[in-house]
Amino acid sequence: MPELPEVETVKKGLIKNVIGKTLQDIEINTEKLRYPLDKASFESLKNKTIRDIHRRGKHLIIFLEDNLQLIVHLGMSGVVKINPTDSYQKIKHDHIVITLNDNLSIIYNDPRKFGYWLINTNSKPLEHKVLITHGVEPLTDDFNAEYLLIKLSKTTRKIKQTIMDNSIVVGAGNIYASEALFDSKILPTRPSNTITKKEASKLVVSIKEILIKAIAEGGTTLKDYKNTEGKPGYFTQQLNVYGRAKQNCYTCNTEIESLVIAQRNTFFCRKCQK
DNA sequence: CTATCCACCTGGCGGC
DNA sequence: TGCCGCCAGGTGGATA
């Protein structure tokens, strides 16, 4: 499900509703997400207050008092909901239910269980093993043509795979990688080290613009992604190539093709992209 | 370093 | 209606 815009949307929902609230009860309903959930450790979070919520790549960092953080990844199918506690009714795959004061609950639902919630206690969450390997944030000035070009020059991997490599730039997943390459008029199969400076500049702009537009639309819902209010993302309506194999390109009417790159289905227009 | 395959897990969809 | 294979917004590990 969730690439950067979806995680950012969840972050906004949480910030709006749960900052300053206190964790009164934590219910763990599954033994294992991607990493095991240690019930005893979660007990230690009781009565802690939520201070802030950050996003790093596709991770949420929930800052609690006393240098505690929850580092959260939504995997492929994770959904975070905020519900009034008194009207909450548990549904299948509600793995974590955090009851806050003020009649609010945070519910983590994840059918495929590829997500994870990790407790970090060292006050430096960015040094945690799941975050330390992250490359630059795409929506900062650290992600620019010079930076990208240097990274691209060092590898022959297909460009799509490189822009999805979180150690280079975080946040672009399978949807937005295809969309950004279409916007940049670059074929996803191009060896990274053949991308020109001009193309790299365009690609940087395209990635930023597409992520920003997607955030503005609340993300992309293909199947089960929902924001904290249970609403879908509307960027789905603006997808130019993703999921459109054998349909006509909106720009040139050529049939959109699909191809598996690094085990991920990839969509492109052979005429618009070179 | 690269490409490739597999695993984790569940559910939805199309085909028969 | 039912079963079966295939596919899915992510990531990491094994292998050649």
Side-chain angles (χ1 to χ4, degrees), chain A residues 1-11 29-37 55-60 71-80 91-95 108-118 128-135 138 151-181 188-194 207 210-211 213-215 217-227 232-239 241-246 258-267:
Chain A
M1 145 191 130
E3 303 179 37
L4 185 149
E6 292 74 36
V7 178
E8 182 68 19
T9 302
V10 171
K11 185 193 87 172
N29 296 320
T30 187
E31 57 298 331
K32 279 204 171 195
L33 293 179
R34 178 173 186 132
Y35 299 115
L37 288 168
R55 180 191 55 71
R56 176 77 171 104
K58 299 170 189 167
H59 290 82
L60 290 169
I71 300 176
V72 177
H73 193 290
L74 305 179
M76 286 283 264
S77 57
V79 170
V80 176
I91 61 171
K92 199 171 183 181
H93 305 304
D94 278 356
H95 303 310
Y108 182 65
N109 184 288
D110 185 358
R112 296 180 71 182
K113 297 182 183 162
F114 291 165
Y116 47 85
W117 286 57
L118 302 171
H128 190 282
K129 66 168 183 178
V130 299
L131 298 178
I132 190 79
T133 54
H134 276 26
K151 296 293 186 185
L152 296 185
S153 70
K154 292 177 179 168
T155 180
T156 59
R157 284 187 304 171
K158 294 176 179 66
I159 184 63
K160 168 150 183 283
Q161 208 180 343
T162 307
I163 61 172
M164 287 180 68
D165 181 342
N166 285 323
S167 72
I168 293 175
V169 57
V170 292
N174 205 35
I175 295 178
Y176 300 113
S178 278
E179 292 297 314
L181 288 165
T189 47
R190 287 270 299 281
S192 297
N193 61 1
T194 68
I207 289 171
I210 283 176
L211 293 176
K213 281 184 195 169
I215 291 168
E217 296 292 331
T220 297
T221 295
L222 296 181
K223 211 169 87 176
D224 47 19
Y225 167 72
K226 299 286 192 315
N227 68 15
Y234 294 103
F235 192 74
T236 318
Q237 299 162 15
Q238 296 187 36
L239 298 177
V241 288
Y242 185 86
R244 298 196 62 243
K246 297 183 178 170
S258 68
L259 175 72
V260 174
I261 297 176
Q263 318 313 125
R264 313 300 302 279
N265 211 352
T266 303
F267 302 87

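Every chain is numbered from 1, with letters handed out A, B, ... down the list of sequences.
Residue A/Lys58 is in sugar-phosphate contact alone, with no base atom involved, counting any heavy-atom pair closer than 4.0 Å across all strands shown. Looking at heavy-atom distances under 4.0 Å, A/Lys129 makes no contact with the nucleic acid at all. In this structure, A/Glu179 reaches neither bases nor backbone, as no heavy-atom distance under 4.0 Å exists between it and the strands shown.
For the 3.5 Å distance criterion, the side chains of A/Lys92 and A/Asn109 fail to qualify, holding no donor opposite an acceptor.
Here A/Tyr116 and A/His59 bring their ring centres to under 6.0 angstrom of each other.
You'll find the side chain of A/His128 reaches within 4.5 Å of the side chain of A/Leu118, heavy atoms only.
If you find the closest nucleotide of DNA chain B to A/Lys113 and to A/Thr155, the one lying nearer the 5' end belongs to A/Thr155.
One P atom belongs to B/dC9, the other to C/dC3, and the distance between them is 24 Å to the nearest Å. Remark: the separation of the P atoms in B/dC1 and C/dG10 is 24 Å, to the nearest Å. Spacing of P atoms, C/dG5 relative to B/dA7, comes out at 16 Å, to the nearest Å.
Here the CG-NZ distance, from A/Leu37 to A/Lys32, works out to 10.5 Å after rounding to the nearest 0.5 Å.
The shortest non-hydrogen separation linking A/Ile175 to A/Tyr242 is CA-CD1, 3.6 Å. Minimum interatomic distance between A/Ser192 and A/Ile159 (heavy atoms only, all atoms of both residues): OG-CA, 3.6 Å.
Taking the salt bridge (Lys or Arg N to Asp or Glu O under 4.0 Å) definition, one finds that A/Lys11 meets it with A/Glu8, sequence neighbours left out. When the side-chain hydrogen bond (donor to acceptor under 3.5 Å, both in side chains) test is applied to A/Arg34, no partner is found at least two apart in sequence or on another chain. In terms of the salt bridge (Lys or Arg N to Asp or Glu O under 4.0 Å) criterion, residue partners of A/Arg157 (sequence neighbours excluded) are, by chain and number, A/Asp165.
For the pair A/Arg34 CZ and C/dG13 P, the computed distance is 8 Å after rounding to whole Å. In this structure, A/Gln161 places its CD atom 13 Å from C1' of C/dG12, rounding to the nearest Å.
When DNA chain B is scanned in the 5' to 3' direction for atoms under 4.0 Å from non-hydrogen atoms of chain A, the outermost contacting nucleotides are B/dT2 to B/dG11.
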Table of protein N/O atoms under 3.5 Å from nucleotides 4-8 of chain C N/O atoms:
from  : atom 1 : to       : atom 2 : distance (Å)
C/dA8 : OP1    : A/Asn265 : ND2    : 3.1
C/dA8 : N3     : A/Arg112 : NH1    : 3.1

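Pairs of Watson-Crick or G-U wobble type, with distances under 3.5 Å, assemble into runs of 3 or more in DNA chain C at these ranges: B:2-8 with C:10-16, B:10-16 with C:2-8.
Phosphate proximity of C/dG10 to A/His73: absent, as no side-chain N or O sits under 4.0 Å from OP1 or OP2.
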